[in-house]
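Some notes on the structure that comes next.
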Amino acid sequence: MGKITREQWSELQCQLNDRLADSAGLLESFRVSMTALFAPLELAARKRADGPFKRKPPISLRLIATGDHPSKLVVLPYHRVNGRRDRRTVTLDCSRMDCELIDTAPEVASPKRITLRLLPCKAVLGRHFYRTAQGDLERVLDVMQDFIDDRRKVLARSHEHCCICGRSLTDELSRSRGIGPECIQGCHRFLNPKGVVREMTLEDVFKEEMHRNPEDSATRLIYADWLEENGRPEEASRQRELAGNVLIV
C-alpha cells in the first residue's frame with residue numbers, strides 16, 4: 001500500500017467517529033459498569049497505601065477478545081500525576097477510563113492496536129493504525145457488547161490469569177470465573193447479575209462502606225483524607241471527629 005494522503009486519513013477519522021457516535025449507548029453503559037469495579041478497588045488500594053498514592057495503583061481490567069487474532073481489551077481508570085519527585089502523588093478518576101486493544105501474539109512488534117478514552121457521555125479516539133483501525137474498533141465494541149450481555153461469561157474467558165491483577169490463577173474456582181481470590185473481594189457489585197443501574201463514584205463507595213461498617217474508623221479517616229484532597233476541609237474535619245468518637249467507643 002502506498003503513502004496515505006491527508007484526505008484518506010481524514011475520511012477514516014470521520015468513519016471511526018461516526019461509528020463511535022452510533023455506539024454511544026454501548027460505550028456509556030460500559031463506562032458506567034467499570035466505575036462499579038474501579039471505585040471499590042480504589043478504596044481497597046487507599047487502605048493498603050495508608051495515605052495518598054505515590055504511584056499509580058495496579059487497578060485495571062483485562063478482557064479476552066474473541067476472533068482469530070489473540071487479543072485482549074485492557075481498561076484502566078484515568079490517573080493524574082500531581083507535584084514532582086518526592087512530593088509527587090497520583091489521583092484516580094474512576095468516572096473516566098482508557099481502553100487499549102492489545103495484540104497478545106508473542107511475535108507482534110507493536111502490540112497496542114487502538115486506544116480509546118471513555119468520558120461521561122463521550123468517547124475520544126486515540127492511537128490507531130490506518131490499515132486495521134476499523135477492524136480493531138469493531139473488536140473493541142464486540143468485547144464491550146459481550147460484556148454488557150454477560151459479564152461473567154466474558155471474565156471466564158481468562159483461565160490462566162486474573163482479569164484484574166494479572167496474577168496466575170491456580171485453583172479451579174478462580175479459573176472458572178477469571179478472577180483470583182484476593183481480587184474477588186471488591187467485585188460483589190460488579191458481578192451482580194442484575195447489572196449496574198447507576199454510576200458509582202468513589203464517594204458513593206466510601207458512604208456505603210461506612211454505612212455497612214459504622215465502627216470501621218480506617219475507612220472514615222481515608223474518606224477524610226480524600227475530602228481534604230478535593231478541597232472540602234470542613235467536611236474532612238468532621239469525618240476525623242467522627243472517627244475519633246468511634247475509636248473512643
Side-chain angles (χ1 to χ4, degrees), residues 16 19-20 23 26-42 44-45 53 55-81 90 92-119 122-129 132-169 174-175 177-180 182-184 186-187 190-191 196:
L16 296 174
R19 185 70 180 99
L20 291 176
S23 305
L26 169 62
L27 293 165
E28 181 64 6
S29 296
F30 184 80
R31 184 192 67 82
V32 168
S33 70
M34 289 296 99
T35 67
L37 171 67
F38 291 148
L41 291 178
E42 181 180 352
F53 295 129
R55 60 179 62 86
K56 180 183 175 184
I59 298 175
S60 64
L61 183 68
R62 303 163 177 83
L63 301 175
I64 303 297
T66 58
D68 297 333
H69 255 4
S71 304
K72 61 184 176 183
L73 178 65
V74 180
V75 188
L76 310 98
Y78 176 79
H79 75 283
R80 182 176 65 254
V81 178
V90 176
L92 296 185
D93 182 351
C94 294
S95 69
R96 300 190 288 172
M97 56 215 60
D98 292 317
C99 304
E100 304 172 346
L101 184 68
I102 305 295
D103 197 328
T104 55
E107 68 277 6
V108 175
S110 300
K112 191 178 295 187
R113 305 299 305 169
I114 191 169
T115 63
L116 194 66
R117 175 163 292 175
L118 300 184
L119 310 172
K122 183 180 180 180
V124 180
L125 189 66
R127 173 185 175 181
H128 55 282
F129 297 103
T132 62
Q134 289 179 312
D136 291 337
L137 179 57
E138 289 304 322
R139 295 195 74 190
V140 169
L141 296 175
D142 286 345
V143 175
M144 292 181 176
Q145 186 63 65
D146 289 347
F147 178 83
I148 296 298
D149 292 341
D150 190 344
R151 64 189 61 183
R152 291 177 180 269
K153 184 177 180 180
V154 176
L155 293 169
R157 292 175 184 169
S158 182
H159 304 299
E160 302 298 327
H161 298 90
C162 176
C163 289
I164 295 174
C165 69
R167 295 177 182 172
S168 297
L169 299 175
S174 297
R175 289 173 179 270
R177 66 193 178 198
I179 300 178
E182 295 181 4
C183 295
I184 198 67
C187 298
F190 178 69
L191 295 174
V196 179

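When a residue number appears, it is its place in the shown sequence, counting from 1.
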Would you please name every residue forming a side-chain hydrogen bond (donor to acceptor under 3.5 Å, both in side chains) with [X], sequence neighbours left out?
{"X": "R157", "answer": "D146"}
{"X": "T115", "answer": "none"}
{"X": "D142", "answer": "none"}

L73 and side chain to side chain contact (heavy atoms under 4.5 Å, CB included): which partner among R62, M144, E100?
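Testing L73 for a side chain to side chain contact (heavy atoms under 4.5 Å, CB included) against R62, M144, E100 leaves exactly one candidate, M144.
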Check whether [X] reaches the backbone of [Y] with its side chain - one donor and one acceptor, N or O, closer than 3.5 Å.
{"X": "R175", "Y": "H159", "answer": "yes"}
{"X": "R31", "Y": "S95", "answer": "yes"}
{"X": "S158", "Y": "G178", "answer": "no"}

Is a salt bridge present between K122 and E28, judged by a nitrogen-to-oxygen distance below 4.0 Å?
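No, this pair does not count.
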Under the ring pair (Phe, Tyr, Trp, His ring centres under 6.0 Å) rule, collect the residues that match up with F30, sequence neighbours excluded.
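Ring pair (Phe, Tyr, Trp, His ring centres under 6.0 Å) list for F30, sorted by chain: F147.
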For H161, give me all partners under ring pair (Phe, Tyr, Trp, His ring centres under 6.0 Å), at least two apart in sequence or on another chain.
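H161 satisfies ring pair (Phe, Tyr, Trp, His ring centres under 6.0 Å) with no residue once adjacent residues are dropped.
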Listing, residues 132-141 side-chain donor-acceptor contacts under 3.5 Å, not counting sequence neighbours, or none:
from : atom 1 : to   : atom 2 : distance (Å)
T132 : OG1    : R113 : NH2    : 2.9
T132 : OG1    : D136 : OD2    : 2.9
Q134 : NE2    : Q15  : OE1    : 2.7
E138 : OE1    : R19  : NH2    : 3.2
E138 : OE2    : R19  : NE     : 2.6
R139 : NE     : T66  : O      : 3.4
R139 : NH1    : H69  : O      : 3.3
R139 : NH1    : S71  : OG     : 2.9
R139 : NH2    : T66  : O      : 2.6
R139 : NH2    : H69  : O      : 2.9

Can you find a pair of side-chain heavy atoms, one from R151 and one from S33, that are under 4.5 Å apart?
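Contact flag for R151/S33 side chains = yes.
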Where I164 and L61 come nearest, the two heavy atoms and their spacing
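Minimum heavy-atom separation between I164 and L61: CG1-CD1, 4.1 Å.
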